[in-house]
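The structure appears right after this line, and notes come after that.
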Amino acid sequence: MSWADSVSVAENLAGAPPKSAYVPPHLRNRPSADPPAQASYAGTAAFGNDHGGYGVPNVVGSRWSGQRNEYQSGFAGGGGRGGGWNSRSGGWDRGRDREVNPFKDADSEVVGEQESSAINFDAYEDIPVETSGENVPPPVNTFSDIDLGEAVDENIRRCKYVKPTPVQRHTIPISLAGRDLMACAQTGSGKTAAFCFPIISGIMRGQFPRPPRPRMAFPLALILSPTRELSCQIHDEAKKFSYQTGVKVVVAYGGAPINQQLRELERGVHILVATPGRLVDLLERARVSLQMIRYLALDEADRMLDMGFEPQIRKIVQQMDMPPPGVRQTMLFSATFPKEIQRLASDFLSNYIFLAVGRVGSSTDLIVQRVEYVQETDKRSHLMDLLHAQKENGVHGKQALTLVFVETKKGADALEHWLCINGFPATAIHGDRTQQEREHALRSFKTGKAPILVATDVAARGLDIPHVAHVVNFDLPNDIDDYVHRIGRTGRAGKTGLATAFFNENNSSLARSLSDLMQEANQEVPAWLSRFAARSSYGGKNRRGGGRFGGRDFRRDSSYNRGATTDYYGGGANMSSGYASGGYNASYGAAGVTSAWD
DNA sequence: AAAAAAG
């Protein structure tokens with residue numbers, strides 16, 4: 001029995017309240033006399049007075065704020081639905097009302113040791129971090145430096161998180177201070193926890209008015225992500241972080257029956273994790289209202305704001321009933337953040353802090369990148385060679401998990417089929433497959449049943465698949481940022497990984513940015529690639545500045561911040577880890593607490 | 001031009 005299991009058994013024996021006495025969720029597992037803070041809902045007044053433009057804000061505030069009932073207990077007890085411990089079928093119908101313990105890892109048959117979630121912290125030690133913005137709260141060094149509350153602390157222990165990762169060290173204090181944030185940080189570096197912990201803790205501590213309408217869900221926090229699988233993954237993690245806190249997390253995404261999601265929503269939700277399409281659907285059906293949103297997080301924010309998604313995101317964030325920036329707290333995350341996207345994103349933010357955490361692998365070479373010149377017609381046999389070699393080098397002749405990216409959905413189907421008939425157990429994932437097929441593919445890959453996964457860009461971002469040893473860019477993407485996201489599927493949690501790219505004339509537009517990127521990451525750049533790069537060097541569009549980071553604060557650009565050209569760090573930038581901190585100049589008066597790395 | 005996201 002694992003440690004987590006024994007904990008859960010002990011809790012089930014000792015920790016659960018007696019079934020006869022109802023205990024509101026936010027009071028469970030707390031010392032009995034713990035009067036909720038008198039904080040009340042200061043934001044409510046501001047809603048109506050300062051931002052009269054949206055919705056029916058004061059209805060919420062004035063009608064409910066005087067009542068003893070707060071939001072959370074209203075959910076579980078008074079709502080009349082989904083009720084407390086005894087509301088259903090005589091009270092011993094567990095499963096429903098008893099919270100499933102998310103720590104008895106359902107995926108424990110995954111290839112490899114129990115260590116799968118452990119993070120190699122040594123790999124993070126010398127990662128550079130850069131912040132800019134006014135009055136940046138200083139980072140913390142340990143979880144005990146931050147007061148997230150006992151229940152969340154307990155979940156941190158259950159997750160076996162020993163110390164915060166760089167992105168957590170910086171993000172958590174910023175978020176607890178109520179500040180908006182734009183953060184460049186690779187997923188797999190603990191980003192989800194970085195925004196979930198403060199949200200959960202904030203919801204537990206705050207007092208919120210009761211939801212005004214029974215059949216409509218009024219989440220307090222919204223987390224948006226660009227793919228269904230990523231939303232699921234965030235949901236699973238958030239469930240762990242909120243275990244036994246009374247904070248309810250619900251996920252909503254397309255391709256799955258909506259009815260079950262509707263039922264979940266009706267039973268109450270504090271944190272809603274969703275993909276944009278399904279959320280818009282729910283909003284149009286008036287089954288979800290955003291008027292009580294206090295926290296908004298966009299994961300893979302640069303994708304969420306690119307051409308395909310932007311209208312939907314604007315609709316959700318700006319054209320429904322969500323409180324405006326300054327009233328809600330907004331946090332944007334991505335491994336890459338192009339300037340144009342930053343400009344768009346700043347519409348959603350208020351006096352935000354920009355945070356850039358250096359790429360994992362930039363200094364420690366966690367991901368070995370190789371580029372090989374392969375003609376279109378030779379790609380398949382070349383891939384075959386790689387897979388054969390890999391199998392022979394592997395332990396017990398087992399195929400290491402290999403993720404193969406292709407450009408098109410058709411191409412994914414074709415390559416999967418070809419690999420299978422040639423004796424390689426492969427599966428494929430892309431947006432034309434049913435959600436069932438997608439989830440099945442991901443599962444057989446994770447468990448090693450099909451150790452080769454052929455994927456389109458649906459799998460490029462955010463997915464945390466432990467033990468991916470090799471990412472093959474069978475077809476290179478056109479955008480270097482997509483390349484960065486793809487290779488980020490390996491070398492995760494501080495482990496090493498290999499990324500191989502097949503390059504030919506069709507990719508010449510990427511030559512320059514690819515060779516620059518590899519150079520920055522101390523990778524060996526083949527001479528022929530440098531020649532390609534030199535030939536097509538006029539392309540400014542695909543070039544990126546910033547070196548070790550996925551982006552830098554566009555507010556520090558002279559074109560944005562005129563007059564600041566002589567003061568490069570005029571935005572109040574702080575460099576840590578000993579990089580170039582000489583330029584630091586607090587032009588915002590109190591701007592900036594130097595964020596010392598160690 | 002392709003991919004994702006609603007049904």
Side-chain angles (χ1 to χ4, degrees), chain A residues 187 222-235 251-262 265 272-288 298-317 319-320 334-336 338 341 376 403-416 428-439 441-442 453-463 471 473-486 488-489 502 504-510 539 541-542:
Chain A
T187 39
L222 176 64
I223 301 171
L224 291 172
S225 91
T227 67
R228 298 163 183 173
E229 286 77 12
L230 189 49
S231 280
C232 283
Q233 181 182 300
I234 295 167
H235 173 247
V251 67
Y253 54 86
I258 201 168
N259 280 330
Q260 196 188 333
Q261 292 173 9
L262 287 173
L265 287 167
L272 177 59
V273 185
T275 49
R278 179 54 61 92
L279 178 59
V280 168
D281 191 4
L282 291 166
L283 291 166
E284 282 169 354
R285 294 174 188 228
R287 301 302 294 265
V288 170
L298 300 194
D299 205 2
E300 307 301 333
D302 63 336
R303 166 62 89 238
M304 302 298 277
L305 291 169
D306 79 5
M307 289 200 325
F309 271 122
E310 193 202 337
Q312 277 180 310
I313 300 299
R314 284 203 186 273
K315 172 159 188 173
I316 292 166
V317 177
Q319 289 153 33
M320 304 303 289
S334 182
T336 55
I341 302 288
E376 216 57 47
L403 183 48
V404 183
F405 281 104
V406 296
E407 196 57 23
T408 65
K409 295 180 272 203
K410 264 178 66 183
D413 286 333
L415 186 58
E416 177 207 23
I429 186 169
H430 61 70
D432 276 356
R433 298 239 164 146
T434 67
Q435 194 52 28
Q436 253 192 345
E437 291 171 321
R438 286 165 61 160
E439 277 160 27
L442 210 52
L453 178 64
V454 184
T456 60
D457 268 330
V458 70
R461 287 167 174 262
L463 286 190
V471 169
N473 273 290
F474 189 89
D475 301 318
L476 272 162
N478 294 315
D479 187 327
I480 190 67
D481 285 344
D482 292 332
Y483 173 83
V484 171
H485 284 277
R486 286 177 177 189
R489 295 318 98 213
F502 295 174
N504 60 40
E505 282 86 355
N506 300 334
N507 311 112
S508 32
S509 68
L510 198 71
K541 201 243 154 207
N542 234 348

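Order of the sequence lines sets the chain letters (A, B, ...), proteins ahead of strands, with each chain counted from 1. What you see below is based on every heavy atom in this structure, not just the backbone, and it leaves out hydrogens, waters and symmetry mates.
With no hydrogens or angles considered, no side-chain donor-acceptor pair links D299(A) and S225(A) at under 3.5 Å. Checked by atom type, the side-chain pair Q319(A)/R314(A) shows no donor-acceptor distance below 3.5 Å. Counted by atom type alone, Q233(A) and E229(A) present zero donor-acceptor pairs between their side chains at under 3.5 Å.
In terms of the side chain to side chain donor-acceptor pair (under 3.5 Å) criterion, residue partners of D432(A) (sequence neighbours excluded) are, by chain and number, K409(A). Listed by chain and residue number, nothing satisfies the ring-ring contact (aromatic ring centres under 6.0 Å, His included) test with F309(A) (two or more places apart in sequence, or in another chain).
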What does the B/S/- profile of nucleotides 2-7 of chain B look like, 5' to 3', with a 4.0 Å heavy-atom cutoff to protein? SSBBBS
